[in-house]
**Q** 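Got a structure here, written out as structure tokens. Questions coming.
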Amino acid sequence: MQVVINGEQTTLEGATSVDDLIRLLDIQGKIAVEINGEIVPRSRFGVHDLNEGDRIEIVRAIGGG
Amino acid sequence: MTETSPKDFLIIDGRPYTSRLLIGTGKYRDLEETRRAVEASGAQIVTVAIRRTNIGQSRDEPNLLDYLPPDKYTLLPNTAGCYDVDTAVRTCRLARELLDGHNLIKLEVLGDEKTLYPDIPQTLRAARTLIEDGFRVMVYTNDDPIMARRFEELGCVAVMPLAAPIGSGLGIRNPYNIRTIVENAKVPILVDAGVGTASDAAIAMELGCDGVLMNTAIAKAKKPVLMASAMKKAIEAGREAYLAGRMPRRAYASASSPLDGTFFS
């Protein structure tokens with residue numbers, strides 16, 4: 001499945017939900033996820049299915065003014 | 001602080017803060033220096049940016065939230081880097097999700113990279129959308145008193161005029177406008193951007209501002225932690241001077257010692 005993760009074209013295998021994706025990418029710490037411009041609440045990470053062509057943003061808090 | 005301190009809170013969105021200094025967490029050498037500077041500043045509200053996670057390096061990366069825990073500080077996510085309504089609104093929604101429903105945000109919609117001046121029409125539109133969506137908006141704006149009033153009327157919980165361009169350190173360039181904005185306002189007015197050193201912060205407070213938000217003035221000082229401490233004192237000194245009410249200016253001298261009772265004549 002082809003998706004765009006944080007602006008990068010990515011071939012995704014073995015991930016059907018957002019939870020799978022986070023595990024696959026080994027992402028640690030507090031994050032928020034947006035898919036195709038819509039927030040995916042943390043409570044739905046396990047049940048939100050990924051689809052071909054999804055534009056996925058995974059963000060965190062960093063230092064800023 | 002003596003006479004005034006126990007009751008002199010900065011109230012933002014109904015929540016009291018004893019510190020009137022808000023600081024940004026960008027441009028520090030590392031997160032440990034960030035933590036030490038925040039501590040020395042006494043700030044209770046700190047801004048953070050929302051950025052993409054580095055895929056593949058996430059495990060080894062130190063996490064800002066471990067250094068500035070949300071239960072100890074009020075984190076104020078900003079929309080820095082946003083040049084349009086849509087990205088600013090998306091950034092706020094991501095921030096709210098990231099911080100478990102926390103809805104206090106700093107809105108800035110920028111006009112261009114050279115000045116980092118706010119794009120006011122877009123900032124107004126973004127503020128309206130965010131407020132309708134339940135956000136509590138602290139808004140970065142220019143030093144135009146009419147615009148400050150518009151943002152207040154829209155329902156922003158604080159209005160934050162710039163004193164000079166972001167990161168410029170040029171100080172309070174238009175004290176008369178800042179004072180007018182303060183005089184008109186019923187919501188807290190915070191100078192956001194432009195402060196270069198402690199006296200600038202004191203001047204903002206002496207003008208009657210409710211607080212000051214700064215980043216570069218501390219982070220790019222030669223000794224950031226020491227400057228954070230200086231800023232804390234400047235904010236407190238400026239606030240007390242404002243509350244105390246300064247003496248009137250006069251053109252000529254006025255002797256401080258009594259003229260009566262001298263032993264010479």
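None of these values were measured; they are calculated from a predicted model. Note on naming: letters A, B, ... go to the chains in the order of the sequence lines (proteins, then strands), and numbering restarts at 1 for each one.
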**Q** Using every non-hydrogen atom in the two residues, find where Ala61(A) and Leu65(B) come nearest and quote the distance to one decimal.
**A**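 That would be CB-CD2, 4.1 Å.
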**Q** Shortest non-hydrogen contact from Ile62(A) to Arg51(B)?
**A**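 In this case the closest contact between Ile62(A) and Arg51(B) is CD1-CG, 3.5 Å.
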**Q** Drop me the distance from Ile39(A)'s CD1 to Leu94(B)'s CG, to the nearest 0.5 angstrom.
**A**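 Answer rounded to 0.5 Å: 3.5 Å.
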**Q** Hey, does the side chain of Arg52(B) reach the backbone of Asn6(A) with a donor-acceptor pair shorter than 3.5 angstrom?
**A**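 Present.
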**Q** Which answer fits Lys27(B), side chain, backbone, both or neither, if we ask what part of it has an atom under 4.5 Å from a heavy atom of chain A?
**A**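 Contact with chain A is absent: no heavy atom of Lys27(B) under 4.5 Å.
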**Q** Please give me the minimum heavy-atom distance between Ile27(A) and Thr53(B), naming the atom from each residue.
**A**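 Scanning both residues completely, I find the closest heavy atoms to be CG2-CG2, 4.2 Å.
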**Q** In the structure I gave you, are the side-chain heavy atoms of Glu57(A) and Arg90(B) within less than 4.5 Å of one another anywhere?
**A**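 Touching, per the 4.5 Å side-chain cut-off.
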**Q** For each of Leu68(B), Leu64(B), Leu98(B), tally heavy-atom pairs with chain A at distances under 4.5 Å, and name the one with the top tally.
**A**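 Among Leu68(B), Leu64(B), Leu98(B), the one with the most close pairs to chain A is Leu98(B).
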**Q** Hey, is CD on Glu52(A) packed in by over 12 heavy atoms from elsewhere, all under 6.0 Å?
**A**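 Yes, the 6.0 Å shell around CD holds more than 12 heavy atoms from other groups.
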**Q** Using every non-hydrogen atom in the two residues, find where Glu97(B) and Arg42(A) come nearest and quote the distance to one decimal.
**A**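 Looking at all heavy atoms of both residues, the shortest contact is OE2-N, 2.7 Å.
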**Q** When heavy-atom pairs shorter than 4.5 Å are enumerated against chain A, which of Ala80(B), Gly26(B), Ala49(B) gives the highest number?
**A**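 Greatest number of close heavy-atom pairs with chain A: Ala49(B).
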**Q** Heavy atoms only, distances under 4.5 angstrom: which of Asn78(B), Thr91(B), Asn63(B) has the most pairs with chain A? Name it, please.
**A**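 With the most close heavy-atom pairs to chain A, the winner is Asn78(B).
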**Q** Is atom CD of Glu38(A) surrounded by more than 12 heavy atoms (other residues, nucleotides or ligands) closer than 6.0 Å?
**A**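 Incorrect, the count does not exceed 12.
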**Q** Please tell me if the side chains of Ile50(B) and Arg60(A) come closer than 4.5 Å, counting only heavy atoms from C-beta onward.
**A**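 They are not in side-chain contact.
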**Q** Near Glu113(B) CD, under 6.0 Å, is it more than 12 heavy atoms from other residues, nucleotides or ligands?
**A**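 Not buried by this count: 12 neighbours or fewer within 6.0 Å.
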